[in-house]
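The structure appears below as structure tokens.
For reference, positions follow the sequence shown, starting with 1. Quantities reported herein were computed from a predicted structural model and do not represent experimental measurements.
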Amino acid sequence: MSAGEISSPFAADPNQVLERSSFQTGAAWSPQGDLRADVAIVYGIDTNLPARIETWRDHGYRIHVMTGVAWGEYQDYLYGRFDGINHEDEAQTDRAGHKIGHGGDVYYMSPGTNYGKFLCVGVQRALDAGARAVDLEEPEFWDRAGYSEGFKREWRNYYHEDWQPPDSSVDARWRTGKLKYFLYRRALQQVFDYIQAYNQRTGRDIRCHIATHSLLNYAQWCIVSPESSLARVNGCDGYIAQVWTGTSREPNRYRGEVRARTFETAFLEYGVMQNLVRATGRCVWYLNDPIEDNPNYDWADYRRNWEATLTASLFQPEVSKYEVAPWPERVFGGRYPRSAPPGDRQAIPPDYAAELQTVFNALNDLNQPRVEWDCGTTGVGVLVSDSLMFQRGQPTPSDPWLGNVYGLAMPLVMHGLPVTPVQLENVTLPHFLDGQRVLFLSYDGQKPLSPEVHAPLAQWVKSGGVLIVCDQDADPYLQVSEWWNSGVKKYSTPRRHLFEQLGLTDESVTNHFNRVGRGGLIWLQKRPADLSASAAGTAQVIATAKFAVEKAGLAWRETNSMLLRRGPYVIAAGLDQAVGAEARELRGRFINLFDAHLGLQKDILVEPGTHWFLLDLDAARTGKPHLLASACKALPQAQTRRQISFTVEGVGHTPGLVLMESLKAPQSVTLDGAALTAFEYSAKDRLLWIHFANDALPHVLVVRYD
């Protein structure tokens, strides 16, 4: 192929149909937004949507459409122009009577019966414009809300009794959370049903995804959302896991110290999102954000934390779909920190721009069949429930640092165990607990939403699992009116119902190991949040985990780092407050994909707080000229014995770089027929680096050998 022969905006990628990568944008196509991912998620369902979609389709993208669920420019609904009914009383409202929103009359909504129908009007605009999927963003109900007239009306319809102020009792707080959980599930089901009916009429296959923060973040930020309940409703095809620096730098407590632990928190956040869909047949995309919503940090902070969260996302080998950036224009076109005087604000450093594009392209290659852990013991999980979100407000909020989860999970992470946050509501699914050998469970800070989860848990134990129940029966929410204290059998705590399923009673359980079938139970009579408050509490969690692992027939191993191989890629992280020992050293031939220059490295030291996304050259070697990594989209087009050519395109005005395995030095390298001199060849390592300036238009790169 020679210059000028490209007839389309970008040469067709045969793997684009897999939709491996995406980004979301509210703007029309621009050189700064042109990330060359497989999918452009066009944001908003306003009247300009079709025109914006067309600009991205013209540049070769598959199209999804995203819109906010909880808030947006929805004044037509608010003021009755949609259905003739004024819905201002559906704005989420706090105890003082203040509406909760984004300024002006853009409010978070307490969705009434017609709200989902209203969203469908805008969704139809996306369908008419040819969107392949509809992504519904952030169904969020603030914990401090629940005082509007619209919510009171929904309370009466749902509970068939007068409304109770959410802060009047733990029972009212719990029931408020359950109703909020229901209301957004109802609104989303209306949209799902609408799209399913559209698919049936037209023969199309429009998919629906929910873009949502993790359960852990929503619980800590005091927000209620439907979370796991959506994975099994008709028409939901999966999630976009909105985890990024802004959520993962939220402080938590470990060994009594409260501070941010970005990598370790992100690891758990991404893990809990993967467990929303495991064993459901649905998919999850992992969001990464090269900056964050707070514009007042500098580029060094954004870069360091992006590397931490990106690395954390790669430690979930079941997931290989990524939203590589929201709002790329604010990444490649923004100047930060905004708190600085205008003249002191900086554009994205060229090295960071190149690093980002290198990683974006590498993420397309993460669906690797070979997966190998090399760190602490695997098969250990911590059970979490959506009800974490129901106990966060007055009059008796649970631990502000979410110690009822982090008190159990963080010690395991810090000792190198790739612990899994296991969704309690999903244990009823066939094979959901496959691969889990030891599980921690506490009903302090959360409760089981139905008794049905206990039978499969008991069966898992009887089949060889070891369950550690960490509970002192001290949570005031044990007194709420729920299934365990209603009906014929009444239990003071749902834990007792679980013990009954295991054939145990409080009196028969010892402080040590209690054999149940081929597995067993350990009852640690502590509050998890209390364990997070001291080094002694952490030590007790680790000692109990070690004992349980050995009882499960596994070998106990703890490390000061995490390491995972995914095909030719090595993901490694030195843990922030790791157990003592020398830093892990990796020897070989590696390309660090976080290095903008893609230099060869033979010794990697995985020290505390370091994060690595490596290409193992010995595993990637083919013995033929081929692409290894690139700070641009580089799509191979033609290869003969004498030459290899690529179509290349990148974000405008950023450094372009292609790294190839090459058996010999090239005779020439050209870009659109013009000679390039900015290339280096290492005969010893058989590596070729080619440098050029990225452009948001396709060009032809040709490497000739003779």
Note: Asp506-Arg495 ion pair, threshold 4.0 Å (strictly below): yes
Donor-acceptor under 3.5 Å (Thr377 side chain, Ala555 main chain): yes
Salt bridge Lys447-Asp475, side-chain N to carboxylate O under 4.0 Å: yes
Phe547 ring center within less than 6.0 Å of Trp556 ring center: no
Side-chain donor-acceptor pair present, Ser148, Asp89, cut-off under 3.5 Å: no
Ring geometry between Trp483 and His497 (parallel below 30°, tilted from 30 to 60°, perpendicular above 60°): perpendicular
N/O donor-acceptor pair under 3.5 Å between Ser508 side chain and Leu504 backbone: no
Trace of the side-chain contact (heavy atoms from CB on, under 4.5 Å) decision for Asn288 with Val243: CA-CA 7 Å; Asn288 306 126; Val243 179; over 6 Å; no
Heavy-atom donor-acceptor pair, Thr420 side chain to Val422 backbone, under 3.5 Å: no
Donor-acceptor contact present, side-chain Trp460 to main-chain Gly519, <3.5 Å: no
Side chain to side chain donor-acceptor pair (under 3.5 Å) between Ser442 and Asn404, intermediate numbers included: CA-CA 8 Å; Ser442 181; Asn404 44 306; over 6 Å; no
Tyr406 six-ring centre to Arg261 NZ/CZ under 6.0 Å and within 45° of normal: no
Expected output: side-chain Asp444 to main-chain Arg527 donor-acceptor under 3.5 Å: no
Gap separating the CG atom of Leu498 from the OH atom of Tyr491, nearest 0.5 angstrom: 10.5 Å
Salt bridge (charged side-chain N to carboxylate O under 4.0 Å, His left out) between Asp399 and Arg253, intermediate numbers included: CA-CA 10 Å; Asp399 181 65; Arg253 186 167 61 177; 3.6 Å; yes
Residue of the set Glu264, Glu292, Glu269 for which salt bridge (charged side-chain N to carboxylate O under 4.0 Å, His left out) holds with Arg249: Glu292
Atom NZ of Lys152: over 12 foreign heavy atoms under 6.0 Å: yes
Partner of Phe141 under ring-ring contact (aromatic ring centres under 6.0 Å, His included), chosen from Tyr108, Tyr181, Phe151: Phe151
Non-hydrogen side-chain atoms of Thr311 and Phe263 separated by less than 4.5 Å: yes
Test side-chain contact (heavy atoms from CB on, under 4.5 Å) applied to Leu412 and Val380, step by step: CA-CA 9 Å; Leu412 302 172; Val380 181; 4.0 Å; yes
Rounded distance (nearest 0.5 Å) linking atom CG of Leu268 with atom CG of Asn252: 8.5 Å
Identified salt bridge (charged side-chain N to carboxylate O under 4.0 Å, His left out) counterpart of Asp143 within the set Arg392, Arg173, Arg95: Arg173
Partner residues of Ala172 under the side-chain contact (heavy atoms from CB on, under 4.5 Å) criterion, sequence neighbours left out: Gln164, Ser168, Ser169
Axial cation check for Phe432 ring with Arg278, 6.0 Å and 45° limits: yes
CD1-CG distance between Ile571 and Leu564, expressed to the nearest 0.5 angstrom: 5.0 Å
Check: Tyr239 ring centre within less than 6.0 Å of His209 ring centre: no
Spacing of CH2 belonging to Trp401 relative to OG belonging to Ser398, to within rounding of 0.5 Å: 13.0 Å
Residues Gln423 and Asp386: side-chain donor-acceptor under 3.5 angstrom: yes
Distance-only polar pair, side chains of Glu227 and Thr212, donor-acceptor under 3.5 Å: yes
Residues Glu140, Tyr218; criterion side chain to side chain donor-acceptor pair (under 3.5 Å); working and verdict: CA-CA 9 Å; Glu140 298 174 346; Tyr218 274 155; 2.6 Å; yes
Over 12 foreign heavy atoms within 6.0 Å of CZ, Arg156: yes
Whether His102 and Trp71 hold their rings parallel, tilted or perpendicular, with breakpoints at 30° and 60°: parallel
Salt bridge present between Lys178 and Glu482 (N-O < 4.0 angstrom): yes
Polar side-chain atom of Tyr159 near backbone of Arg175 as donor-acceptor pair, under 3.5 Å: yes
Backbone N/O of Cys208 and side chain of Asp237: donor-acceptor pair under 3.5 Å: yes
Parallel, tilted or perpendicular: ring planes of Trp221 versus His213, cut at 30 and 60 degrees: perpendicular
Under 3.5 Å: donor-acceptor pair, side chain of Gln190, backbone of Gly116: yes
For Val541 against Gly407, the heavy-atom pair lying closest together: CG2-O, 3.6 Å
Sole candidate of Ile468, Val469, Ile522 that passes side chain to side chain contact (heavy atoms under 4.5 Å, CB included) when paired with Phe440: Ile468
Those residues that, when tested against Arg255, pass salt bridge (charged side-chain N to carboxylate O under 4.0 Å, His left out) (two or more places apart): none
Centroid-centroid distance, Phe390 to Trp174, less than 6.0 Å: yes
Lys/Arg N to Asp/Glu carboxylate O, Arg259 vs Asp576, below 4.0 Å: yes
Point-to-point distance, once rounded to the nearest 0.5 Å, from SG of Cys236 to CG of Leu230: 5.5 Å
Trace of the salt bridge (charged side-chain N to carboxylate O under 4.0 Å, His left out) decision for Glu154 with Lys180: CA-CA 10 Å; Glu154 294 292 348; Lys180 292 173 179 177; over 6 Å; no
Side chain to side chain donor-acceptor pair (under 3.5 Å) between Ser387 and Ser385, worked out: CA-CA 5 Å; Ser387 61; Ser385 168; 2.9 Å; yes
Pair Phe315 + Tyr270: ring centers closer than 6.0 Å: no
Over 12 non-hydrogen atoms of neighbours within 6.0 angstrom of NZ in Lys321: yes
Nearest heavy atoms of Ala573 and His611, plus distance in Å: CB-CD2, 3.9 Å
Any donor-acceptor pair under 3.5 Å from Arg496 side chain to Phe499 backbone: no
Pairwise distance OG1(Thr247) to CG(Leu216) - rounded to 0.5 angstrom: 9.5 Å
Side-chain donor or acceptor of Gln92 paired with backbone N/O of Trp142 under 3.5 Å: yes
Nearest atoms (heavy-atom pairs only) where Pro494 meets Tyr443: CG-CD1, 3.7 Å
